[in-house]
Every structure is written in C-alpha cells, then in structure tokens.
Amino acid sequence: MYKKGFIIWIMFVAVGRLLAQQTATATLLFAGDAMQHLTQIESARETDGSFCYDSCFYHIKNEIDAADYAVVNFEVSLGGKPYTGYPSFSAPDEFAQALKRAGFDLFLLANNHTMDRGAKGFLRTLNRLDSMNILYVGGYRNREERSQRYPRLVSVNGFRVAFLNYTYGTNGHAVPSPLYMNMLDAEQILADVELARECWAEVVVVCLHWGQEYEVVENRQQQELADKLVEAGVDLVIGSHPHVVQPMEVRYNPEGTVKSVVAYSLGNFISNMQIDHTTGGAMLKVVLGRDGMRVKIDSVAYSLVGVQRPEKGSRQPFIMRSAAQIDTLSGLPAYMYRYLRDTRANLSEHNIGITEYMF
C-alpha cells in the first residue's frame, strides 16, 4: 500500500531529524464543532448574495493562527444551494474559506452531518475542499483514495504527526459505494494506529465523533475505547459530537511523565445552538517537545470560547469571544456568562492534569 511512498518517507524522516535539531517544540490546537445553522447563514449573507464570515473569528483568529497546526471538526456539508441548516446542513463555500483564513489547517470530516446532502453533496464537499487547498481527513471518494491519503501524515515543525478520524454514524444516511467514510470500529482504529507507526509517525492523534449529545460527562463506552487507544500507544484522543464540553485528562507514565491526553468532547466551536452548555466550546492546546529524539508532550491546556448571537431581527454577525473577553466585558448576553461559569465548574470537578489558559 505504501511501497511508492517508502523512499519519500525516508527523506521525510531525514529532513524531520534535521529540523528537530533547530525546532524544539510544535504547538497543536484542536477546536470543536464548526456548524452552520440557517440563522448563521442568513447573518453572513451580503447584499450581492455572497457570504462573509471573517468577522465571526476576528477576536480569536490570532490564537488559532499562532498554532503550528490547527484542527477543527467540520460538521457540515458543502452541498451547494439551497443552503440549509439543521437537520440537513449545507453551508456556503465561504464558511470553509473563512475557517482556513482563521488559521485552521485540517478539517475533520468523519461526523454525522457530512453526508447530509447525500452522495452528491459529499462529493461536492470533497471537490470544493480540494479546490481550496484545504486538507481533510475521515472521508474519501473510494477505498483507493483512502489508502493513498490515510493516515493523514503531516510534518509540524519536524514532528511527524498522524491524524486519524472516525464517526459513530451518519444520521441514517447511506454511504454508497465507492464512497468511503471512516466508521467507529475499535478493531479498524487499532489497525490504523499500527499502520501510522509503521509509517514513521512520532505522534498519533485519533479524533472521534462519539458519545451522547448534551451529556457533560463522558459515558462508559467512551472511557473503554479511550483506554484501549491509550494502551495501544495513541498520544492524543480528541472527541466531538456531544455539542458540550466534556472532561479532559492526562494519562501518566509510571515515572510521572505524560503518556497520553484524552479530551472526550470539545463541544461546539461555532453554532446557533441555544440550550444549556452548547453556546461555546473549548480549544485544546498541546505543545510537543523532544528529549533527544524522543517526542514528549511538554504541556497541555484548554481555553474556552463562546458565541455571541445577534439580536433577533438584526443583521449583525455571530461573534466568537475568548473567555478573557467574556470575563472582562460587561453587557454581553447572560447566556455567555452562564456558559462560562457552568463549563468551568464541570471541568474543575472532572479534569485530570489539564487547566485553563487565557488569551
């Protein structure tokens, strides 16, 4: 499968080692669910019929862009017109372009809404992302393409990182052959983890669309799969789907060093969801370092972000704000302060080894 790329990977390893001598660290940033409900789409519509989302990310763009590599769960299709929100998402192409301009390098496609517009919409999503030079992982045109592009192997400041992505389902939408979506199957995931190591990956990241919606604590199934992945040597387990932030934990080696990091759900990145705990999410920052040639996790921390919705009837954009802004600004909607308070309380009670940072 990877015969053709073997020589390339030898060169990749050699270059990576040279870079490692010059670059001591690499910062990875993970965000939650990027969604587009109909109210968001209409809010972004310009008078000429185009869409502009850049103002949504104005207050947090610098933090995303500062990361060496940023990942977001792209929980919509680019199925074309008519643009629609829940329950069958089809967002304007400009939404993906704005996320890229905000600093995101990799889109996760293995989630329950990528197939919302069926095979035609899924193919259009892949074609449009390719045309925008946006990297993605989790969904493919066929098995052959998956074998060529998966695991998604990336050099981040000389660190060789493999990204894997899976979903529990696609909301009942079929994934007709030859299209391929990575489904959540423990045996397949473990095989792919092994393949990633065979391809010289120094860091393996498994991104899972799993869990129970709106539950602020992970369930037993999540815990059991996380345990299997950590035991198999996965470095980072990053979750999405519940639309609320769930606990995060560091798993330690016997000598006290960081073995793995598990974030059960990063919640919503941007959406128009309005029930409790869904009006924001967490961004997880992981700093990689080296001890000689051995890769280690130097630090891990989270920062909360919230979504300020426009007042009803206004043409104002949705605005994302950092926790620092929400803490210091007065006059913001009450739901933003409540989200911050409740999410902090939950993470303070359940997190292990991961604390909040501010920007």
Practice item. With the side chain counted from C-beta on, respond yes when T170 and T114 share a heavy-atom pair under 4.5 Å apart, and no when they do not. Key: no

Point to revise | Side-chain H-bond candidate by donor/acceptor type, S240 with H209, under 3.5 Å | key: yes

Review point. Closest approach of V204 and A196, non-hydrogen atoms and distance?
Key: CG2-CB, 4.1 Å

Check your understanding: Counting N and O atoms only, with roles assigned by atom type, does the side chain of N253 sit under 3.5 Å from a partner on the main chain of E255, one being a donor and the other an acceptor?
Key -> no

Practice item. Ignoring hydrogens and angles, tell me if any N or O in the side chain of R117 forms a donor-acceptor pair with the backbone of G80 under 3.5 Å. Key: yes

Review point. Between H37 and F89, how do the two ring planes meet: parallel, tilted or perpendicular, split at 30° and 60°?
Key: perpendicular

Exercise for review: Provide the full list of salt bridge (Lys or Arg N to Asp or Glu O under 4.0 Å) pairs with a residue in residues 84-98, sequence neighbours left out, each pair given once.
Suggested key: D93-R124, D93-R128

Point to revise | Basic-acidic side-chain contact under 4.0 Å: D298, R290 | key: no

Review point. Is a donor on one side and an acceptor on the other found under 3.5 Å between the side chain of S43 and the backbone of Q316?
Key: yes

Exercise for review: Compare every heavy atom of F74 with every heavy atom of A96, then report the nearest pair and how far apart it is.
Suggested key: CB-CZ, 3.9 Å

Point to revise | Atom of Y136, atom of L109 and distance for their closest heavy-atom approach | key: CD1-CD1, 3.5 Å

Check your understanding: Does some side-chain heavy atom of N112 sit less than 4.5 Å from a side-chain heavy atom of E75?
Key -> yes

Point to revise | Between Q223 and N219, a side-chain donor and acceptor under 3.5 Å | key: no

Check your understanding: Is any side-chain heavy atom of K228 closer than 4.5 Å to a side-chain heavy atom of V234?
Key -> no

Review point. Would you say L184 and L225 make side-chain contact, with heavy atoms under 4.5 Å?
Key: yes

**Study point:** Student check: side-chain heavy atoms of V217 and N346 closer than 4.5 Å
**Key:** yes

Review point. Between N157 (side chain) and T25 (backbone), is there a donor-acceptor pair under 3.5 Å?
Key: yes

**Study point:** Option among R197, K296, K259, R251 that satisfies the salt bridge (charged side-chain N to carboxylate O under 4.0 Å, His left out) test with D235
**Key:** R197

Point to revise | Contact check, side chains of F269 and M283, non-hydrogen atoms, under 4.5 Å | key: yes

Review point. Going by atom types only, do N272 and Y86 share a side-chain donor-acceptor pair under 3.5 Å?
Key: no

**Study point:** T343 side chain to L340 backbone, donor-acceptor under 3.5 Å
**Key:** no

Exercise for review: Please check if the side chain of K100 supplies one atom and the backbone of M132 the other of a donor-acceptor pair under 3.5 Å.
Suggested key: yes

Check your understanding: I64 versus L29: any side-chain heavy-atom pair under 4.5 Å?
Key -> yes

Exercise for review: Scan side-chain atoms only and decide if Q36 and Y53 contain a donor-acceptor pair under the 3.5 Å cut-off.
Suggested key: yes

Review point. Can you list every ring-ring contact (aromatic ring centres under 6.0 Å, His included) pair that touches residues 161-180, not counting sequence neighbours?
Key: Y69-F163, Y168-H241

Check your understanding: Side chains of M273 and M35: closer than 4.5 Å at any heavy-atom pair?
Key -> yes

**Study point:** Short side-chain to backbone donor-acceptor contact, R160 and W200, under 3.5 Å
**Key:** yes

**Study point:** Cation-pi, Y357 ring and K285 (6.0 angstrom, 45 degrees)
**Key:** yes

**Study point:** Over 12 non-hydrogen atoms of neighbours within 6.0 angstrom of CZ in R315
**Key:** yes

Check your understanding: Are I238 and V261 connected, step by step, through hydrophobic side chains (Ile, Leu, Val, Met, Phe, Trp, Tyr) whose heavy atoms are closer than 4.5 Å?
Key -> yes

Review point. Between N165 and Y150, does any side-chain donor sit less than 3.5 Å from a side-chain acceptor?
Key: no

Point to revise | Closest contact, heavy atoms only, N268 versus T278 | key: ND2-O, 2.9 Å

Check your understanding: Cut-off 3.5 Å, side chains only: do Q222 and Q246 have a donor facing an acceptor?
Key -> yes

Exercise for review: Please round to the nearest 0.5 Å and tell me the distance separating atom OH of Y58 and atom CZ of R321.
Suggested key: 11.0 Å

